[in-house]
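Okay, so here's the structure we're looking at.
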Amino acid sequence: MILFRNLDRKRKAWHDGVAHATLDPEGPGVARLHLVPPKPVLFGNPPSQLLINGTWFLPVGPSWAAVLRIFFEELQRCCTDKREISPEEIKQIEQAVVAHVTKLYPKTDRDLILNDLKEIVTLAVNIATNHDVPEETHAGLNLEQYSRYMTAPHRMDLIVAPMSTNGRRACPLECACCYADSGQVMDIEKPLSTEDWKDIIDKCKAAGIPMLTFTGGEPLTRPDIVDLVRHAAWFVTRLNTSAYNLTPELAAALQSASLDGMQITLYSHNPEIHDTLVGKKGAWERTVAGIKIARDTGLSVSINTPIVERNRDYADTLRFVHSLGIHCVGCSSLIPTGGAVEQIATGKALTPEELKDILREAVALCKELKMEISFTSPGWLPSEEILALGLPSAPVCGACLSNMAVTPAGDVVPCQSWLNGQTLGSMRTETWRKIWNNKTCINIRKNSAAKPKCALKEV
């Protein structure tokens with residue numbers, strides 16, 4: 001069965017911009033596909049990138065990219081809203097794709113075009129739904145190699161909620177390790193309006209950025225968060241939260257607005273340890289209640305845990321998370337900015353050897369419990385050691401390359417942790433091309449991005 005959601009009503013020429021389609025939007029097994037073209041070059045044919053559910057990147061050559069783009073266009077033409085497509089409509093779409101592609105490649109056999117279409121769509125859906133895929137699928141350019149063809153990051157983090165407004169605390173928690181407690185950039189006089197953020201979202205789409213993350217501060221403190229998520233339905237959308245303010249009604253509204261995933265921060269299975277690290281008594285109960293609400297609503301939930309000396313019993317936290325029915329987890333060491341600077345300076349961050357021991361135990365446990373685990377902090381351990389532990393990949397810096405961020409004032413920064421006051425331009429007043437080609441942005445992309453280190457350690 002194929003369900004299709006038409007989220008791009010404005011039609012473009014087949015070779016322009018990011019093309020998008022969502023297959024089976026009601027799931028299970030949603031496949032949200034974005035075909036991201038490379039910037040034009042004088043010589044050669046660099047691949048496009050097929051972004052699958054905002055997580056997997058599949059290099060796609062020019063001919064397959066043309067087939068996919070035309071397929072997406074024909075889906076848009078056939079459907080005006082999400083619904084099941086009939087077998088007759090599928091045949092009509094396939095015939096239309098063949099007709100368009102043969103105009104581009106006149107000598108290509110029609111059966112070959114159809115076979116290619118079915119192969120690439122099946123492969124994308126299998127990747128999205130965690131089916132086994134051929135090992136050679138992952139061959140191609142890595143992010144650093146592909147960076148010279150990029151015109152925008154794959155993800156923009158929208159910091160829609162500041163930590164405080166006019167010195168008055170807006171975030172309900174005061175986490176000891178919070179990177180967002182970073183001075184004036186997170187304490188603003190007046191938050192941007194709903195329309196301001198919608199305009200920024202529209203500009204992200206025009207720039208060809210296929211994925212948005214709503215973050216903060218605490219994004220659930222914004223009364224218009226559902227409206228903003230709904231406005232961003234074209235994108236792969238995620239939301240980072242403590243779940244402190246999550247209610248069943250809000251969770252249902254976010255799901256209806258097409259939120260693709262929610263990352264919830266839980267520091268520990270132990271209420272006392274969690275409450276100490278977030279600076280509020282009773283926070284553990286509310287966060288765990290929020291996890292259960294998100295889970296029961298049917299949202300895709302992952303749990304994030306920054307690991308420090310105080311919560312080093314991470315294996316017990318993983319067992320607790322597994323008991324809640326959550327199978328996707330991520331952990332990190334401290335990001336050297338904001339409140340974490342003091343934690344690092346006072347010896348509350350783990351040493352590399354301590355961190356390696358914890359990760360080794362965590363990887364073995366997750367394998368036993370059939371949980372997916374990732375480690376997201378570059379620079380704390382060598383890449384070869386991270387891979388030797390059995391983690392799926394070694395983290396690299398994505399600043400100014402795979403991810404960037406917009407501050408509560410509408411300014412673009414290299415990443416959501418880069419909140420020291422250095423901005424690359426205003427999303428409200430400057431063109432995306434000017435921001436992307438800002439000298440500082442280019443230098444960070446050249447010297448730090450895609451490297452196994454955190455550039456903030458050098459700032």
Side-chain angles (χ1 to χ4, degrees), residues 2 4-24 31-53 56-80 85-128 131 133-143 145-152 154 205-206 208 210 234:
I2 294 180
F4 172 69
R5 175 175 291 147
N6 180 358
L7 298 173
D8 188 4
R9 305 296 177 85
K10 183 178 180 181
R11 294 185 51 77
K12 297 180 179 180
W14 70 268
H15 55 278
D16 289 339
V18 175
H20 165 261
T22 299
L23 306 181
D24 286 349
R32 193 177 287 263
L33 311 177
H34 290 80
L35 183 65
V36 184
K39 68 181 179 182
V41 294
L42 289 176
F43 303 102
N45 289 307
S48 297
Q49 290 285 320
L50 182 61
L51 177 60
I52 304 169
N53 285 357
W56 297 275
F57 298 91
L58 184 63
V60 178
S63 59
W64 265 22
V67 171
L68 265 181
R69 187 173 292 275
I70 293 169
F71 174 61
F72 291 173
E73 288 285 322
E74 289 304 318
L75 285 173
Q76 303 284 358
R77 188 192 304 276
C78 175
C79 303
T80 57
I85 300 175
S86 69
E88 292 76 17
E89 288 175 315
I90 293 175
K91 289 182 180 179
Q92 291 175 5
I93 290 171
E94 290 176 346
Q95 291 172 1
V97 171
V98 169
H100 282 290
V101 173
T102 51
K103 291 180 181 178
L104 297 172
Y105 303 97
K107 297 182 180 180
T108 303
D109 182 79
R110 297 172 67 88
D111 289 338
L112 179 61
I113 295 171
L114 271 181
N115 288 337
D116 279 357
L117 174 61
K118 291 176 181 178
E119 183 177 350
I120 185 64
V121 171
T122 299
L123 178 60
V125 171
N126 285 347
I127 292 173
H131 281 68
V133 296
E135 186 175 346
E136 61 268 20
T137 296
H138 304 288
L141 300 178
N142 62 32
L143 185 60
Q145 292 168 328
Y146 189 67
S147 63
R148 61 194 177 111
Y149 304 117
M150 293 173 63
T151 58
H154 297 307
K205 180 180 178 181
W234 177 84

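The figures here come from the full heavy-atom set of this structure, side chains too, leaving out hydrogens, waters and symmetry mates.
- Nearest heavy-atom pair, Ile52 versus Ala124, reported as atom, atom and distance to 0.1 Å: CG2-O, 3.7 Å.
- Between Leu35 and Val18 the shortest side-chain heavy-atom distance does not fall below 4.5 Å.
- In this structure, Ala65 and Ser48 approach most closely via the heavy-atom pair CB-OG, 3.8 Å.
- Within the structure, side-chain hydrogen bond (donor to acceptor under 3.5 Å, both in side chains) contacts touching residues 101-112 (residues at least two apart or in different chains) do not occur.
- Remark: Asn115 CG to Ile120 CD1 distance equals 13.5 Å, nearest 0.5 Å.
- Residues passing the side-chain contact (heavy atoms from CB on, under 4.5 Å) test with Glu119 are Trp64, Asp116, sequence neighbours excluded.
- Rounding to the nearest 0.5 Å places CG of Leu117 at 11.5 Å from CG of Leu112.
- For the atom pair NZ of Lys91 and CG of Leu114, the computed distance is 11.5 Å after rounding to the nearest 0.5 Å.
- Minimum heavy-atom separation, Phe72 to Ala19: CD1-CB, 3.6 Å.
- No side-chain heavy atom of His34 sits less than 4.5 Å from a side-chain heavy atom of His154.
- Rounded to the nearest 0.5 Å, atoms CG (Leu33) and CG (Leu50) are 5.5 Å apart.
- In this structure the side chain of Gln49 reaches within 4.5 angstrom of the side chain of Pro59, judged on heavy atoms.
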**Prompt:** Should Glu74 and His100 be marked as a side-chain hydrogen bond (donor to acceptor under 3.5 Å, both in side chains) after you check the CA-CA gap, both sets of side-chain angles, and the distance that decides it?
**Reply:** CA-CA 10 Å; Glu74 289 304 318; His100 282 290; 3.3 Å; yes
